Amino acid sequence: MKTPKEPTEAHRNFFKDVHDVVRLVPAGRVTTYGAIAHYLGARNGARMVGWAMMAAHPLVGPTAVPAHRVINRLGLLTGRQHFATSTAMQEALEAEGVHVEDDQVQDFQRLFWDPSKELA
DNA sequence: TGCGTGACGTGAA
DNA sequence: TTTCACGCCACGC
């Protein structure tokens with residue numbers, strides 16, 4: 001079957017899973033694409049995590065995903081360009097107490113929230 | 001139907 | 001040491 005639309009019940013929607021993990025990120029904390037990807041088992045799936053964010057962009061309300069808390073491994077707000085405004089991501093982080101300077105999260109390593117470690 | 005793209009990360013040269 | 005290239009999965013065209 002070349003079109004395994006449902007290979008098994010374990011058909012874990014990567015997007016759905018990513019959204020769920022990001023939603024668990026507490027305010028004032030930040031995580032990375034790689035951390036989420038690794039938590040999902042996809043060590044190289046960091047790219048797709050970004051896709052999930054973009055797909056979750058239009059989501060609002062209970063399904064809203066704090067994409068502004070998800071940044072790259074370097075602590076840079078790489079996805080800010082996809083937000084409503086170039087500063088929306090930074091504004092949201094600062095509103096939670098996260099200091100952002102030059103599109104880079106200060107004390108990123110300290111505010112880093114690892115799902116596989118916190119949720120473990 | 002099939003190919004390329006895409007908010008990244010890691011490994012190797 | 002820094003830089004280049006590759007790899008992953010899913011979605012869009």
Side-chain angles (χ1 to χ4, degrees):
Chain A
M1 296 185 261
K2 59 195 294 189
T3 52
K5 58 183 179 179
E6 289 187 73
T8 60
E9 71 95 43
H11 179 232
R12 45 173 79 163
N13 288 356
F14 213 98
F15 279 45
K16 178 76 172 176
D17 203 356
V18 172
H19 297 170
D20 186 42
V21 176
V22 177
R23 272 186 242 157
L24 295 173
V25 179
R29 295 289 182 182
V30 293
T31 186
T32 67
Y33 306 99
I36 297 170
H38 189 274
Y39 176 71
L40 298 178
R43 201 160 76 181
N44 308 34
R47 274 176 130 189
M48 202 183 62
V49 176
W51 250 280
M53 300 279 98
M54 188 165 92
H57 181 228
L59 298 179
V60 288
T63 54
V65 179
H68 60 272
R69 293 178 192 156
V70 185
I71 56 187
N72 72 345
R73 228 306 213 154
L74 302 175
L76 301 174
L77 286 64
T78 52
R80 85 184 168 168
Q81 185 68 25
H82 285 255
F83 274 74
T85 60
S86 304
T87 56
M89 193 171 185
Q90 184 174 337
E91 293 283 324
L93 288 171
E94 290 184 341
E96 295 179 352
V98 179
H99 295 270
V100 181
E101 189 173 311
D102 190 36
D103 301 338
Q104 185 173 15
V105 176
Q106 302 301 298
D107 297 333
F108 161 65
Q109 190 173 12
R110 187 181 64 144
L111 298 174
F112 179 62
W113 187 82
D114 189 344
S116 60
K117 185 176 182 179
E118 299 293 336
L119 298 177

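In this text the structure is predicted, and so the values were computed from the model without any measurement. Letters A, B, ... mirror the listed sequences (proteins, then strands); counts begin at 1.
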### Query
In whole Å, what separates the C1' atom of dC6(C) from that of dG4(B)?
16 Å
### Task
Let me know the distance between CG of D17(A) and C1' of dA10(C), rounded to the nearest Å.
14 Å
#### Entry: Spacing of I71(A) atom CD1 relative to dA7(B) atom C1', expressed in whole Å
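Rounded to the whole Å, the gap is 11 Å.
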### Message
Using a heavy-atom cut-off of 4.0 Å across all strands, would you classify R73(A) as base, sugar-phosphate, or nothing?
### Response
sugar-phosphate
### Message
Does A67(A) reach a base, just sugar-phosphate, or nothing at all? Heavy atoms under 4.0 Å.
### Response
base
### Query
Taking a pair as Watson-Crick or G-U wobble with both distances under 3.5 Å, which nucleotide is matched to dA12(B)?
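WC or wobble partner is dT3(C).
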### Task
State the pairing partner of dA7(B); accept Watson-Crick or G-U wobble contacts with both distances under 3.5 Å, and report none otherwise.
none
### Task
Look at the side chain of F15(A) and decide which nucleotide, out of dC8(B), dA7(B), dC11(C), has an atom nearest to it.
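Nucleotide nearest to F15(A)'s side chain: dC11(C).
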### Query
T32(A) side chain: which of dC9(C), dG9(B), dA7(B) is closest?
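Output: dG9(B).
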### Query
With a cut-off of 6.0 Å (strictly less than), are more than 12 heavy atoms of other residues, nucleotides or ligands near NE2 of H19(A)?
yes
### Query
Less than 4.0 Å between a side-chain N and a carboxylate O, is that true for R110(A) and D107(A)?
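A salt bridge is present here (some side-chain N lies under 4.0 Å from a carboxylate O).
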### Query
Hey, is R69(A) close enough to E96(A) for a salt bridge, meaning N to O under 4.0 Å?
yes
#### Entry: Donor-acceptor pair (no angle test) under 3.5 Å: R47(A) side chain, dG9(B) base
no
### Query
CZ/R73(A) to CG/L76(A) distance, rounded to the nearest 0.5 angstrom?
11.5 Å
